[in-house]
There are 2 protein chains.
Amino acid sequence: MDIKTLCLGVLSRGDATGYEIKKAFEEGPFGHIHVASFGAIYPALAALSEAGMVQGTEMAQEKRPDKKVFSITERGRSAFFEALIAPPGEDKVRSDFLFILFFAHLLPASRLAALIDRRIAWYRECLQRMEACSYENGRAGEVFVHGLGLAVYQAAADYLSAHRDRLHDEVSASGRMVAE
Amino acid sequence: MDIKTLCLGVLSRGDATGYEIKKAFEEGPFGHIHVASFGAIYPALAALSEAGMVQGTEMAQEKRPDKKVFSITERGRSAFFEALIAPPGEDKVRSDFLFILFFAHLLPASRLAALIDRRIAWYRECLQRMEACSYENGRAGEVFVHGLGLAVYQAAADYLSAHRDRLHDEVSASGRMVAE
DNA sequence: CACGGCATATATCCGTTCGATATATGCAAG
DNA sequence: CTTGCATATATCGAACGGATATATGCCGTG
């Protein structure tokens with residue numbers, strides 16, 4: 001899904017600035033679902049505006065720079081719906097953490113343990129934040145995705161916690177063998 | 001992690017062609033860990049070769065086009081190790097599936113159910129393929145990542161299976177309300 | 001039998017995206 | 001007082017993706 005569609009999705013839920021759209025893909029509702037950078041969001045909004053799918057309104061603010069609030073048009077809603085019913089592309093995952101873990105045998109055991117502990121802590125934090133987000137009044141799909149995220153992150157944190165010692169020990173042992 | 005590092009990682013485990021490196025990020029060991037396209041792999045290999053981090057050897061083949069097999073140099077191994085001990089970037093996830101799910105209320109209930117069932121089937125298939133890959137003789141890190149993948153995909157499939165009916169019913173019910 | 005699709009291979013092109021940067025207004029902490 | 005952060009918009013140049021081109025075969029279908 002391209003950035004234009006992602007922007008339409010955010011705007012379908014309510015007016016937003018480019019900055020707020022970026023936030024939605026960081027700590028907001030889409031934070032673990034898709035990514036979008038400023039470098040792509042602003043040109044996308046400009047193209048969507050040009051195509052009549054969104055409308056931007058400039059506003060002055062006190063103590064803050066001016067902002068431009070975008071709202072979705074009916075044409076934008078149609079386009080968004082078409083994108084929703086198109087066949088989804090494949091999930092794409094880029095995880096430095098997992099890639100590094102794959103080569104655990106090349107790392108000092110202490111560094112490895114620290115890496116895993118940091119990730120466990122990260123998962124626990126995410127889980128806490130997610131649990132604090134009451135989705136009781138959310139739409140069915142939002143609740144569903146929220147629950148799925150909780151289940152997956154819980155499983156990951158649990159696995160990491162349950163197996164970190166064993167990986168550490170094995171890397172320690174083989175690290176010693178290499179040194180001999 | 002950039003594509004050059006990813007290529008070094010694959011080559012650190014053994015010589016490979018550009019095509020084989022791509023395969024490693026599809027159905028191979030890195031298939032759920034990172035992504036890399038031909039458009040990025042070939043220029044990366046060229047740059048790595050230029051920098052003396054890999055070495056390419058052209059080979060003729062029978063019944064197949066010629067190929068170029070790359071091997072990693074000592075300089076390449078050093079660079080790879082430096083990348084491994086650098087702080088990892090954040091995981092990046094792009095999931096059309098999850099994004100669409102978020103807007104389940106906008107979809108026909110039957111289409112939604114089909115989408116989820118397809119994803120459940122996909123997870124089950126992945127799990128089967130992963131279980132069939134015996135990692136008993138693999139390195140500790142490979143075994144760890146393999147086990148983590150199994151745990152996470154199992155949790156996802158289970159959650160989807162356990163909650164798909166409820167989502168379907170809720171979207172059906174609210175779809176009827178909209179029609180009235 | 002012929003054609004299309006697939007697999008194995010390399011390489012490139014152009015559109016898309018990213019991350020850093022620039023600019024602006026304030027506020028808070030050291 | 002200076003730096004870093006938050007809120008905002010916008011752009012630039014590097015990195016990447018997906019399609020395409022080319023090549024050699026093989027296999028399945030009409």
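Both backbone and side-chain heavy atoms feed into the values below; hydrogens, waters and symmetry mates do not. Residue numbering restarts at 1 for every chain, and letters A, B, ... go by the order of the sequence lines.
- OP1 or OP2 of C:dA11 lies within a sub-4.0 Å distance of a side-chain N or O belonging to B:Lys68.
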Would you give me the side-chain donor-acceptor pairs under 3.5 Å for residues 24-32 of chain B, sequence neighbours excluded?
| residue | atom | partner | partner atom | Å |
| --- | --- | --- | --- | --- |
| B:Glu26 | OE2 | B:Lys22 | NZ | 2.3 |
| B:His32 | ND1 | B:Tyr153 | OH | 2.8 |

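- Summary for the helix from C:dC1-D:dG30 to C:dG30-D:dC1: the axes at its two ends, each from 5 pairs, differ by 20° when rounded to the nearest 10 degrees.
- Using a 4.0 Å cut-off between a side-chain N of Lys or Arg and a carboxylate O of Asp or Glu, A:Asp91 and B:Lys92 do not qualify as a salt bridge.
- Here side-chain hydrogen bond (donor to acceptor under 3.5 Å, both in side chains) pairs that include residues 43-53 of chain B, with residues two or more places apart or in two chains, number zero.
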A correct 5'-to-3' footprint of nucleotides 15-28 of chain D, with B, S and - meaning base, sugar-phosphate only and no protein heavy atom under 4.0 Å, is -SBB----BBSS--

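- Under the ring-ring contact (aromatic ring centres under 6.0 Å, His included) criterion, A:Tyr159 pairs with A:His163, B:Phe144, sequence neighbours left out.
- For B:Glu170, the salt bridge (charged side-chain N to carboxylate O under 4.0 Å, His left out) partners are B:Arg166, not counting sequence neighbours.
- Checking the phosphate oxygens (OP1, OP2) of D:dA8, a side-chain nitrogen or oxygen of A:Gln61 falls inside 4.0 Å.
- For the salt bridge (charged side-chain N to carboxylate O under 4.0 Å, His left out) test, no residue two or more places apart in sequence or in another chain qualifies with A:Arg94.
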Sequence neighbours left out, cut at 3.5 Å: what donor-acceptor pairs do the side chains of residues 63-71 of chain B make with other protein atoms?
none

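- Annotation for A:Tyr19: hydrophobic cluster partners, listed by chain and number, are A:Phe38, A:Tyr42 (ILVMFWY side-chain heavy atoms under 4.5 Å, direct or chained).
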